[in-house]
Amino acid sequence: MEFRDLNRQYKEMKSEIDLSIKKVIERGHFVLGSEVEELENDLLDYTESKFCISCANGTDALILSLMSWNIGPGDCVFVSDFSYVASASCVSIRGAEPVFVDIDLHTYTMNPKALEASIIRVINEGRLNPRAIIPVDLFGLPANYPEILRIAEKYELKVLEDAAQGFGGAIGKRKACTFGDISITSFFPSKPIGCYGDGGAVFTNDESVAELIWSLRGQGRTRSNKYENTRIGLNSRLDTLQAAILLVKLKKFREYELETINCAANLYNHLLDGIVLTPQVPENYLSSWAQYTIALRDRSTRDILKLELEKNGIPAMIYYPIPLHQQKAFGELGKEEYFIENSIKASQCVLSLPIHPYIKEEEIQFIANTINKVLRD
Ligand SMILES: *Cc1c(COP(=O)(O)O)cnc(C)c1O
């Protein structure tokens, strides 16, 4: 059994993907070819955002966003503490400081009350200039934007939505990748919509920001001349081959994958209810289930269950074993007096189970039965 079975997905759409790849190779325009523009347009059509700039990966998408706001030394950015390292390393790479914010234990996303407390603390300390908030749409679920956007407005902070795992999620009719002043996603193979390598995209409704990011991803070039450079930028473009693959995958994602993965999650919820803490999706929210993450009562129960599942051929992963504020990469940041207890608790108790649009009912039943057996013994 695979954790996320990309091979099963490929078999389902093989003829279309092969044809799409072949066309690119025969035409020979390998970087930012016409498929890239087509993909950006399809992404805009799906998310209903105004501007989309594809780039080389999700991490670059975050860095480009912070560059466009000129966030750097002396600035700070509030980041959800329970996430992949890139959500915060993008801030450090710019020479600014991430301030780690605790999460909500029901959803694993940024806790708005903890956010406001962190903002007030930084303002009172007066050492750093608060600039932006990076809420993370973790495991496919949008963060609590109704509250976070209200706080952002109150303290005049920008919001950078890290939807690297969040593509396809929604709150009501509003889709992920539209909640931030800038929003980003990743097309890493295991994300809700993944390519066969690295890829990413930035979304915004702000035309001047879009124009700046377009220039920054291409060495700071001007529109009219690739060899006229008006600012220092990155080389962060999307390969045409990846766009060609993503065009096919986005179509399938819209046609049925988002629906089938929600069926899989519902079956898990039904079978595991009362046995483990199943993931909570608040009313009116939609998850795209980048991960299906349960919580156990404590670390030893979690670690035993992970081992027993693996003995039965079921891969299970810990996302994330170390809260960001405890990562050595960030040095002493966040290791002081603040309370980040939910994030610490989550890192000890969570376990992500296999999920993808092609997982079979029998497989979910087998996993749930195995969990039931292990926890009963
Ligand atoms: C994967 C991920 C990223 C980085 O995306 P890459 O394409 O791998 O660079 C950033 N933030 C979160 C939350 C992620 O899961």
Side-chain angles (χ1 to χ4, degrees), residues 3-4 6 39 43 52-67 77-94 98 100-101 103-104 107-110 132-145 148 159-169 176-177 179-180 182-203 213 217 234-239 242-243 245-246 249 279 287-293 317-325 327 329-330 343 346-347 350 352 355-356:
F3 189 71
R4 197 167 185 96
L6 296 175
L39 174 70
L43 290 166
C52 172
I53 307 98
S54 62
C55 62
N57 56 67
T59 307
D60 278 5
L62 289 165
I63 295 169
L64 287 165
S65 304
L66 296 177
M67 285 171 85
V77 177
F78 301 89
V79 183
S80 188
D81 188 58
F82 194 58
S83 185
Y84 181 62
V85 65
S87 304
S89 61
C90 61
V91 179
S92 301
I93 273 192
R94 292 291 303 151
F100 302 105
V101 178
I103 54 163
D104 184 305
T107 58
Y108 307 113
T109 59
M110 182 182 270
I133 305 166
I134 303 184
V136 180
D137 300 353
L138 204 75
F139 304 149
L141 182 72
N144 185 346
Y145 290 104
I148 291 170
V159 172
L160 170 51
E161 174 189 9
D162 181 349
Q165 307 178 9
F167 192 87
C177 298
F179 294 110
I182 305 179
S183 302
I184 71 96
T185 198
S186 160
F187 303 122
F188 184 78
S190 61
K191 308 279 170 158
I193 156 160
C195 55
Y196 292 152
D198 278 310
V202 181
F203 299 84
I213 289 175
R217 88 166 168 194
L234 307 181
N235 170 18
S236 185
R237 302 163 302 192
L238 187 66
D239 291 342
Q242 301 303 349
I245 292 156
L246 285 166
K249 290 222 202 172
S287 176
S288 57
W289 299 104
Q291 306 295 345
Y292 184 87
T293 304
M317 306 286 283
I318 299 171
Y319 296 121
Y320 291 92
I322 305 172
L324 289 182
H325 77 277
Q327 293 282 13
F330 298 109
S343 174
S347 71
V350 291
S352 300
I355 193 164
H356 52 85

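Atoms within a ligand are numbered from 1 in the order they appear, just like the ligands themselves. Just so it is clear, the values below take in all heavy atoms, side chains as well, and ignore hydrogens, waters and symmetry mates.
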Study note, to complete from the structure: A student checking ligand 1 against Val136 at a 4.0 Å heavy-atom cut-off should list atoms 13 (C)
Check your understanding: Of the protein's non-hydrogen atoms, which lies at the shortest distance from atom 1 (C) of ligand 1, and what is that distance?
Key -> Lys191 NZ, 1.5 Å
Practice item. Check each atom of ligand 1 against the heavy atoms of Ser83 and keep those under 4.0 Å away; list them by number with element. Key: 13 (C)
Study note, to complete from the structure: Residue, atom and distance of the protein heavy atom nearest atom 11 (N) of ligand 1 read Asp162 OD2, 2.8 Å
Review point. What residues, two or more places apart in sequence or in another chain, satisfy side-chain contact (heavy atoms from CB on, under 4.5 Å) together with Tyr84?
Key: Ala86, Tyr320
Check your understanding: Taking distance alone, with no angle check, do Ala164 and ligand 1 share an N/O pair under 3.5 Å?
Key -> no
Point to revise | Check: Cys55 main-chain N/O paired with Arg217 side-chain donor or acceptor under 3.5 Å | key: no
Review point. Taking only heavy atoms of Ala86, which atoms of ligand 1 are found under 4.0 Å from at least one of them?
Key: 4 (C), 10 (C)
Practice item. Ignoring angles and geometry beyond distance, decide whether Tyr84 reaches within less than 3.5 Å of ligand 1 through its nitrogen or oxygen atoms. Key: no
**Study point:** Asn57 side-chain N/O to Asp60 backbone N/O, donor-acceptor pair under 3.5 Å
**Key:** yes
Practice item. Provide, to 0.1 Å, the distance between atom 6 (P) of ligand 1 and the closest protein heavy atom, together with that atom's residue and name. Key: Gly58 N, 3.4 Å
Exercise for review: Could you tell me whether the side chain of Thr185 and the main chain of Ala201 form a donor-acceptor pair under 3.5 Å?
Suggested key: no
Review point. In chain order, what residues pass the side-chain contact (heavy atoms from CB on, under 4.5 Å) check against Ile93, with sequence neighbours excluded?
Key: Ile63
Exercise for review: Measure from atom 8 (O) of ligand 1 to every heavy atom in Cys195, Ser89, Ser186, Ala88 and give the option owning the shortest one.
Suggested key: Ser186
Review point. Using the ring of each side chain (for Trp, its six-membered ring), is Phe100 parallel, tilted or perpendicular to Phe330, with breaks at 30° and 60°?
Key: perpendicular
**Study point:** atom 9 (O) of ligand 1: the protein heavy-atom neighbour that sits closest, reported with distance to 0.1 Å
**Key:** Thr59 OG1, 2.6 Å
Check your understanding: With a cut-off of 4.0 Å, which atoms of ligand 1 are near a heavy atom of Asn57?
Key -> 7 (O), 9 (O)
**Study point:** Donor-acceptor contact below 3.5 Å, side chain Asp81 vs main chain His325
**Key:** yes
Check your understanding: Quick one: does Asp137's side chain have a donor or acceptor within less than 3.5 Å of a partner on Ala143's backbone?
Key -> yes
Review point. Mind checking whether Asp198 has an N or O less than 3.5 Å away from an N or O of ligand 1?
Key: no
Check your understanding: Which of the atoms of ligand 1 are close to Ser87, meaning less than 4.0 Å from one of its heavy atoms?
Key -> 11 (N), 13 (C)
Review point. Would a distance-only check, ignoring hydrogens and angles, find a side-chain to backbone donor-acceptor pair under 3.5 Å from Ser183 to Glu161?
Key: no
Check your understanding: Do any nitrogen or oxygen atoms of Gln165 lie less than 3.5 angstrom from nitrogen or oxygen atoms of ligand 1?
Key -> yes
